[in-house]
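Heads up, the thing below is written out as structure tokens.
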Number of protein chains: 2
Amino acid sequence: MIINKNITRLLRYRNSLKRMQELGFETVYSYNLGKETGVSPEQVRKDFSQFGIKGRKKGGYKINELLLTISDIFRKDEIQRVIVVGAGNIGNAILQYKGFEKYMIEIVAAFDINPVKYKKRQEIPVYPIEKLSAVVQELDVKTAIITVPERVAQEAANLIIAAGIKGILNFAPTILKSPPHVTISNICIGHELESLIYHSLYLEDESK
Amino acid sequence: MIINKNITRLLRYRNSLKRMQELGFETVYSYNLGKETGVSPEQVRKDFSQFGIKGRKKGGYKINELLLTISDIFRKDEIQRVIVVGAGNIGNAILQYKGFEKYMIEIVAAFDINPVKYKKRQEIPVYPIEKLSAVVQELDVKTAIITVPERVAQEAANLIIAAGIKGILNFAPTILKSPPHVTISNICIGHELESLIYHSLYLEDESK
DNA sequence: TAGATTGTTAATCGATTAACAATC
DNA sequence: TAGATTGTTAATCGATTAACAATC
């Protein structure tokens, strides 16, 4: 299953809208919001209409209503629990990151095969991988972040899918094989960098 | 400027091909490679043909030739230098990550406004932001990773673009305004997680 | 040869953009 | 009212997939 682009855009709209709200604005037009988020006004209106969001002709959209509706769409009334599989560099950075709270996301535990990394006393505990299934079921976790090395990524995915995980954010540069009810999103920092470098080489050649 | 999808796929092909090579395979068919990377065989052939890569009818593609050609496309004969702007959680994780070497990518320096973070003695130095322009010009850096907080991301972008950076990997959840000769790639871990959570909620509803 | 695979052209699909009536 | 903005339908665009001739 693939992530819809309009979902991603909705999250970007929310970001801009929050900023606008903080600046004291109450109303926004598709034109403004589009400009702010790098999207065409038509696209903004279409996205909104697709999610049943209504504006007022000539009057634009009320920012606070928009934010409430978007929150509603993402069910932001309850905290979503997430686990991290692999407590290496990226895994640890995610564990230390404080910014998820405002998204109503809570990293509840991490798992690793290396006993050196086990830490049950700190705020977010790091458990041996064997405990994964139990924790996932006990805390009813549906989402996981995989930050293990490439060669064990598929293995990790199989394990967490068996434990009942429905959404995986995968940092390994592998396409994970998974059943259709599991949604996977891939982030590969190395590939992103290489693409960027490729494009700058290419643009240089075209000298434009 | 936007990143082409076929570039990303090419990098995925390379990954799979390397693995296959390590396993002792010498030849691959579009069907195999497609299956391995989650891409249709037609897509594989089309991508290859677009980059001028030729196979042999009935004979498939030679893995080592493919790898050499892909390396060539990405100019992997010389090391590409990259800087990190913002030495917080994610920034530091990237500084510590050892996996870029095999991509011929070298993180040469990081920059921060917080003096506590300055470390000139370690392998990858962390400088005050004021030194950015000088370092970028001296080392002829074309690519940067932005890991600063959202509210200063645009400011950071302006600074590095002025210094001559052509490609930006942006971790802040903002669409950066930039001139057309600059390529920007956005990674927002928070949004990715929220999208995943949204999809798992939605799939649950559909109970499929 | 017969069967399999490439390489390319045409068809399809989905997403974005343009156009414009509705209306405040 | 006139001008501006929404909401939706139609047109366009690009990317993916299907089809199939070429050929090993």
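Keep in mind the model is a prediction, meaning the values are calculated, not measured. Letters A, B, ... are given to chains in the order of the sequence lines, protein chains preceding strands, and every chain is numbered from 1.
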| If a stem is a run of at least 3 consecutive Watson-Crick or G-U pairs, both distances under 3.5 Å, which stems include DNA chain D? | C:3-24 with D:3-24

| field | Comparing B:Y61 and A:V39 on DNA chain C - which has the more 5′ nearest nucleotide | value | B:Y61

| task | Under 4.0 Å from any atom of DNA chain C, heavy atoms only: list the residues of residues 43-59 of chain A that qualify, in numerical order. | result | A:Q43, A:R45, A:K46, A:K57, A:K58

| Opening and closing nucleotides of DNA chain D in contact with chain B, under 4.0 Å to non-hydrogen atoms | D:dT16 to D:dC24

| query | Is a side-chain donor-acceptor pair under 3.5 Å present for A:H191 with A:N186? | reply | no

| Plane angle bin for A:F111 and A:Y127 - parallel if under 30°, tilted between 30 and 60°, otherwise perpendicular | tilted

| query | Would you say B:Q137 has more than 12 foreign heavy atoms packed within less than 6.0 Å of its CD? | reply | yes

| Who pairs with B:F100 by ring-ring contact (aromatic ring centres under 6.0 Å, His included), at least two apart in sequence or on another chain? | B:Y97

| query | Who passes salt bridge (Lys or Arg N to Asp or Glu O under 4.0 Å) against B:K117, sequence neighbours left out? | reply | none

| request: Give every residue pair that meets the salt bridge (Lys or Arg N to Asp or Glu O under 4.0 Å) criterion with at least one member in residues 173-191 of chain B, sequence neighbours excluded. | output: A:E36-B:K177

| request: Using distance alone, with no hydrogens and no angle criterion, decide if A:R45 and A:S30 have a side-chain donor and acceptor under 3.5 Å apart. | output: yes

| Do A:L196 and A:E192 have side chains that get closer than 4.5 Å, going by heavy atoms? | no

